[in-house]
Amino acid sequence: MTDSKSGAKAGAKAGAATVGRDPESVSRFVEGFAAQLVEAGVPRMPARVFAALLASDTGALTSVELGEQLRISPAAVSGAVRYLAQVHLVSREREPGSRRERYRVHSDQWYEALTNREAIIKRWEEALREGVTSLGADSPAGRRLSETLAFFEFIEKEVEAMMGRWRVHREELFGGG
């Protein structure tokens, strides 16, 4: 009898294939979830790579494993991973004793991606403040920029509060770690 950890390790060695899991079902999930991400604005190849990583038991795959599973070129994997790393949805890690990299999703990838948007929102707010000053707060464009600025300031506060509530909720559901 094998425990779930040894089964997961065996499956990880086979890429996305996992002991007891139908590869066609995995593929349907990956392509279906990727299609949803594409519909939301994520480029197609990064969406597929991200979904494949989410579907792997270890949350980590090499470029070769991703290429084989998704039937894509190493260049396509590289471009997709570069995009996903820029938006903080995956990280790169070296395999011990190897030059090979593994690409990993973490259980808190959505949290990290959203909280890293704070710096972008702050830059947008600053640009909007400058725009209001340049265009005049009483002009139609200035009023539109003021409303946009107020929206981003509101969103920034709400996301910060929501993330605090999420940390508590996550702890209640999944414990520490």
Side-chain angles (χ1 to χ4, degrees), residues 26-56 58-61 63 66-67 69-93 101-177:
V26 173
S27 182
R28 277 193 303 278
F29 165 76
V30 167
E31 296 305 329
F33 189 62
Q36 295 299 315
L37 292 171
V38 168
E39 199 168 301
V42 177
R44 183 173 180 269
M45 205 54 65
R48 292 181 72 215
V49 167
F50 182 71
L53 288 167
L54 277 179
S56 71
T58 61
L61 297 168
S63 180
L66 285 164
Q69 179 183 345
L70 299 172
R71 296 184 180 108
I72 58 177
S73 70
V77 172
S78 178
V81 168
R82 185 172 36 258
Y83 173 88
L84 293 168
Q86 287 173 344
V87 295
H88 305 283
L89 288 176
V90 302
S91 61
R92 300 170 192 249
E93 52 190 47
E101 286 186 325
R102 296 184 75 72
Y103 308 111
R104 177 175 299 283
V105 293
H106 299 279
S107 59
D108 63 349
Q109 76 270 352
W110 296 112
Y111 176 87
E112 289 298 320
L114 280 174
T115 55
N116 285 317
R117 293 289 180 256
E118 184 179 350
I120 293 169
I121 291 173
K122 286 190 179 302
R123 289 196 307 264
W124 290 350
E125 288 173 357
E126 186 56 37
L128 287 164
R129 278 187 200 91
E130 290 174 14
V132 169
T133 300
S134 298
L135 299 172
D138 293 330
S139 72
R143 284 191 298 277
R144 189 170 44 254
L145 292 181
S146 291
E147 185 176 340
T148 303
L149 173 60
F151 171 77
F152 282 121
E153 289 170 338
F154 175 82
I155 291 297
E156 181 182 9
K157 288 176 187 165
E158 289 299 308
V159 167
E160 184 178 325
M162 179 180 61
M163 294 311 228
R165 290 190 308 275
W166 166 247
R167 286 188 300 273
V168 170
H169 184 69
R170 181 178 185 227
E171 178 70 26
E172 290 170 358
L173 288 175
F174 304 106

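Below, each value reflects all heavy atoms present in this structure, side chains not excepted, and no hydrogens, waters or symmetry copies. Here, residue 1 is the first one in the sequence, and each next residue gets the next number. Quick caveat: nothing in here was measured; it's all calculated off a predicted structure.
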[X] to [Y] - nearest heavy-atom pair and separation:
X      : Y      : result
Ser56  : Ala60  : OG-N, 3.4 Å
Ala51  : Phe33  : CB-CD2, 4.0 Å
Leu145 : Leu128 : CD2-CD2, 3.6 Å
Leu37  : Ala47  : CB-CB, 3.8 Å
Ala76  : Met45  : O-CG, 3.8 Å

Atom pair [atom1]/[atom2] of [X] and [Y] - distance to nearest 0.5 Å:
X      : Y      : atom1 : atom2 : value
Thr148 : Glu153 : OG1   : CD    : 11.0 Å
Leu66  : Ser73  : CG    : OG    : 11.5 Å
Met163 : Arg165 : CE    : CZ    : 10.5 Å

Do any N or O atoms from the side chain of Ser78 and from the backbone of Pro74 form a donor-acceptor pair under 3.5 angstrom?
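Checking the backbone N and O of Pro74 against the side chain of Ser78, no donor-acceptor pair under 3.5 Å is found.
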Expected output: side-chain Arg102 to main-chain Gly59 donor-acceptor under 3.5 Å:
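Not a single qualifying donor-acceptor pair exists.
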Stepwise side-chain contact (heavy atoms from CB on, under 4.5 Å) test for Arg167 and Tyr111
CA-CA 9 Å; Arg167 286 188 300 273; Tyr111 176 87; 2.5 Å; yes
Looking at side-chain heavy atoms only, is the closest gap between [X] and [Y] below 4.5 Å?
X      : Y      : result
Arg143 : Glu147 : no
Leu70  : Val77  : no
Ile72  : Val49  : yes
Arg123 : Ile120 : yes
Glu101 : Val81  : no

Go through it in stages, so that I can follow the logic: the residues are Val132 and Arg129, the test is side-chain contact (heavy atoms from CB on, under 4.5 Å), and I'd like the CA-CA distance, side-chain angles, deciding distance and then a yes or no.
CA-CA 5 Å; Val132 169; Arg129 278 187 200 91; 5.8 Å; no
Report, as yes or no, whether the 6.0 Å neighbourhood of atom CD on Glu93 holds more than 12 heavy atoms from other residues, nucleotides or ligands.
yes
Would the number of heavy atoms belonging to other residues, nucleotides or ligands and lying under 6.0 Å from CZ of Arg44 be above 12?
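No, because the 6.0 Å sphere around CZ of Arg44 holds 12 heavy atoms or fewer from other groups.
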Take Phe50 and Val42, measure what side-chain contact (heavy atoms from CB on, under 4.5 Å) needs, and give me the verdict at the end.
CA-CA 10 Å; Phe50 182 71; Val42 177; over 6 Å; no
Angle between ring planes, Trp166 versus His169, binned at 30° and 60°: parallel, tilted or perpendicular?
tilted
Can you sort out the partners of Glu31 under salt bridge (charged side-chain N to carboxylate O under 4.0 Å, His left out), two or more places apart, ordered by chain and number?
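If we apply the salt bridge (charged side-chain N to carboxylate O under 4.0 Å, His left out) test to Glu31, skipping adjacent residues, the hits are Arg48.
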Got a sec, which residues hit side chain to side chain donor-acceptor pair (under 3.5 Å) with Ser27, two or more places apart in sequence or on another chain?
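Side chain to side chain donor-acceptor pair (under 3.5 Å) list for Ser27, sorted by chain: empty.
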Who passes ring-ring contact (aromatic ring centres under 6.0 Å, His included) against Tyr103, sequence neighbours left out?
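For Tyr103 there are no ring-ring contact (aromatic ring centres under 6.0 Å, His included) partners, ignoring immediate neighbours.
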